[in-house]
Amino acid sequence: MKLWLILVGLGVLWTNSAQAQVSSLEPAQPRWGQTLTIIYDSAAQGAKFSVADDVYGYVRLKFPDHVENFALRMAKVGKQHRAEFKVKDNVAEIGVHFITLGGGWDEWAYTTAGVYRADGQLARGALVGKISSGRYLEFFKQETALYPDNYSAYRMKWETAALIDARKAAGEINADIRSLSRKPESAELLYALSFGYLLTGREADSVTAIRRLAGDYASSPFAGLAVKDYEEQVANLPAADRSEMARLKLQILRANPTSEFARSAMATLAADNRMPLDVIESISGYWQKAEPENPLPNFYLAASCLNRYQSYGQVRPSLERAIELLLAGKLRLHGDINGRQTEAMLPEAYRMNGDLAFRQQRIEDALIAVETAKAFASEQDFGIYLLQAKIQQAIGKNTLAETAFIEAWRRGSQEAEERLKDIYKGRRGSLAGFDEYLLAATKGKKSGGAWKQVAPLVKLTTLDGKRYDLNALTGKVVVINLWFIGCSPCRKEIPRLNELVNEFSRQPVVFLAPTFDSAETLRAFLKQTSFDYQIVPDAETIINTQFNASLFPTHIVIDQNGLVEATLVGASERRPEEVRRLILRLLNAPIKSVFR
């Protein structure tokens with residue numbers, strides 16, 4: 001695997017010398033107890049913000065077992081913006097982003113520094129972040145020479161090694177595990193071991209380690225981190241009875257509702273109706289007291305109540321507070337560095353408000369909330385139109401309901417498609433011609449604004465020697481999947497992507513799959529897993545410089561004029577279906593219906 005992939009996949013940020021001139025930390029090597037000054041120089045070359053802007057420093061403090069975040073409004077001193085704070089004991093690393101509440105983010109001004117103890121020795125964990133780089137073994141040895149019992153360093157080493165070469169790493173990890181198993185038990189050791197077991201296919205041993213954490217160390221941050229690792233690693237494994245892990249997770253959350261793990265899990269907890277509401281109320285209550293201007297605890301509490309059809313009395317005030325804070329841009333000061341989370345949450349908060357009003361038969365309020373949500377919605381938001389359709393259907397306005405269902409379908413709703421099938425079948429008696437009906441209903445509608453970007457004019461050579469020039473594919477729909485073998489969400493969606501290739505095999509559609517992996521690695525992989533796209537090996541430069549992708553999988557759909565119709569970033573259960581709908585709309589021609 002390429003080093004670039006490792007850095008991107010693990011979120012490592014680097015600054016060059018020009019960027020370093022925009023921002024700095026004084027002293028450059030901060031110690032515990034010192035006052036640290038954060039500087040943003042608006043006069044420096046490349047600075048995004050002017051001296052007139054109200055700039056905030058969003059500070060991330062990494063401790064050996066948790067992370068703390070806070071925002072500082074920076075004072076204007078000449079042409080600089082400055083802020084300062086006292087470095088806490090036990091901090092290992094400090095990172096600072098620079099933002100404005102109006103939506104600005106100077107991503108290249110990000111600055112970071114390792115922290116030293118008061119006696120001048122590098123702090124425990126200061127080198128752990130660097131173990132995700134190509135020099136991971138060097139930094140691992142330096143960290144463990146200073147702190148032999150820093151087992152988090154082992155966990156990071158294993159993760160990096162597995163990304164580079166999973167087969168080779170397995171032997172190294174097992175050797176480390178045998179050695180570490182003789183060490184005195186601690187929460188950090190169990191956390192590292194549980195992850196190592198997962199990487200080497202020993203899920204049962206991982207559960208045993210987490211069971212020990214939940215039993216004897218439930219209040220330790222490492223207990224929650226171990227559960228988080230477990231959930232991420234098993235997400236794409238075959239379904240199994242994981243009821244014990246759900247029980248252990250609940251036990252850990254009850255023991256430490258103020259933890260970083262509890263807060264980071266709230267989005268998942270809100271959607272999981274098996275999680276008792278009182279646990280979510282406890283986490284939210286502590287969170288609201290700690291961060292009264294953070295909209296997240298209010299938002300997730302409201303979502304939890306709605307999803308469980310419980311405690312409606314809490315929903316409305318929670319949503320009103322969340323909307324107030326989102327509109328004021330306060331989420332930017334609580335982790336939403338680029339503003340995208342605010343953009344996604346605001347229309348969803350109004351949609352939830354409309355959903356509550358609909359359930360309480362306040363139809364006029366529900367429709368007002370829907371229209372407000374539309375004003376903030378992105379092109380991919382379908383929940384708002386799905387709710388609108390249900391409201392219109394409930395009050396007998398079936399034509400308006402069908403129109404809203406069609407728009408929800410166009411934006412990616414599977415439920416809307418099922419509702420439309422019912423409407424169509426009730427009208428026609430069968431589903432014959434259903435695809436043509438959808439195409440006709442969405443003809444002329446675009447997936448984005450009127451302006452489209454020209455697709456990169458790249459030339460690709462596939463694994464079997466075929467050559468494709470995107471500039472020569474005018475008149476065809478081009479579907480590109482950026483992926484790599486080590487990406488488990490990428491692998492998971494391959495069977496459904498193969499179905500797309502089969503469905504459109506007689507249509508003017510070209511399916512291409514550039515990847516970082518080498519031809520040799522791909523041939524070995526394809527012996528076990530069939531992938532019907534035209535696979536392009538060793539495509540790091542194309543992926544990095546032409547398509548500018550950093551999250552995977554990424555799907556790019558290019559229309560018949562060589563313009564990018566849509567870019568779908570990241571994994572989603574609906575993603576292959578979203579790609580399918582884009583293809584259908586671009587073909588804009590009758591497709592043989594699969595419904596009879």
- For the pair Asp517 (side chain) and Leu522 (backbone), establish whether a donor and an acceptor sit closer than 3.5 Å, ignoring hydrogens and angles. no

- Message: Taking Leu306's backbone N and O only, do any of them form a donor-acceptor pair with Arg359's side chain (distance below 3.5 Å, no angle check)?
- Response: yes

- Message: Between Glu402 and Lys397, does the salt bridge (charged side-chain N to carboxylate O under 4.0 Å, His left out) criterion hold? Intermediate values first, please.
- Response: CA-CA 9 Å; Glu402 183 176 1; Lys397 296 185 177 181; over 6 Å; no

- Item | Donor-acceptor contact below 3.5 Å, side chain Lys48 vs main chain Trp105 | yes

- Query: Taking the side chain from Asp532 and the backbone from Leu497, do they hold a donor-acceptor pair closer than 3.5 Å?
  - Reply: no

- Item | Arg351/Glu348 under salt bridge (charged side-chain N to carboxylate O under 4.0 Å, His left out): CA gap, chis, key distance, verdict | CA-CA 5 Å; Arg351 188 205 66 79; Glu348 177 61 11; 2.9 Å; yes

- Message: Tell me if a side-chain donor or acceptor on Asn174 pairs with a main-chain N or O of Ala170 at a distance below 3.5 Å.
- Response: yes

- Asp538 side chain to Ser518 side chain, donor-acceptor N/O pair below 3.5 angstrom: no

- Item | Side-chain heavy atoms of Val478 within contact of Leu470, under 4.5 Å | yes

- Query: Would Lys374 and Gln388 count as having a side-chain donor-acceptor pair, cut-off 3.5 Å?
  - Reply: yes

- Message: Just by distance, no angles: are the side chains of His334 and Gln341 close enough, under 3.5 Å, to form a donor-acceptor pair?
- Response: no

- Could you check if a side-chain atom of Phe504 sits within less than 4.5 angstrom of a side-chain atom of Leu584, using non-hydrogen atoms only? yes

- Task: Report yes if the distance between the aromatic ring centroids of Trp483 and Tyr533 is under 6.0 Å, otherwise no.
- Result: no

- Message: Would Arg155 and Phe195 count as a cation-pi pair here, with the cationic atom under 6.0 angstrom from the ring centre and within 45° of the axis?
- Response: yes

- Message: Treating Arg308 as the side-chain partner and Ala270 as the backbone partner, does any N or O pair qualify as donor plus acceptor under 3.5 Å?
- Response: yes

- Report the residue from Glu577, Glu573, Glu578 that forms a side chain to side chain donor-acceptor pair (under 3.5 Å) with Arg575. Glu578

- Query: Are Phe516 and Phe552 an aromatic pair by the rule of ring centers under 6.0 Å?
  - Reply: yes

- Item | Side chain Arg574, main chain Ser413, donor-acceptor under 3.5 Å | no

- Task: Might you confirm whether atom CZ of Arg496 has over 12 heavy atoms from other residues, nucleotides or ligands at distances under 6.0 Å?
- Result: yes

- Item | Residues Lys390, Glu415: salt bridge by 4.0 Å N-O rule | yes

- Message: For the backbone of Ala303 and the side chain of Asn307, can you confirm whether one donor and one acceptor N or O come within less than 3.5 Å of each other?
- Response: yes

- Item | Tyr230 versus Arg242, side-chain donor and acceptor atoms under 3.5 Å | yes

- Message: Go through it in stages, so that I can follow the logic: the residues are Lys249 and Glu244, the test is salt bridge (charged side-chain N to carboxylate O under 4.0 Å, His left out), and I'd like the CA-CA distance, side-chain angles, deciding distance and then a yes or no.
- Response: CA-CA 9 Å; Lys249 180 178 180 178; Glu244 182 182 9; over 6 Å; no

- Verdict with supporting geometry, Arg580 and Asp435, salt bridge (charged side-chain N to carboxylate O under 4.0 Å, His left out): CA-CA 12 Å; Arg580 176 179 181 269; Asp435 278 343; 3.6 Å; yes

- Please answer whether the main-chain N or O of Leu563 pairs with a side-chain N or O of Asn561 as donor and acceptor at a distance below 3.5 Å. no

- Query: Is Ser206 reaching over with its side chain to a backbone N or O of Ser194, donor-acceptor style, under 3.5 angstrom?
  - Reply: yes

- Is the charged tip of Arg410 near the ring of Tyr385: under 6.0 Å from the six-membered ring centre and within 45° of its axis? no

- Check the pair Phe261 / Lys228 against side chain to side chain contact (heavy atoms under 4.5 Å, CB included), numbers first and verdict last. CA-CA 8 Å; Phe261 167 65; Lys228 184 178 180 181; 4.2 Å; yes

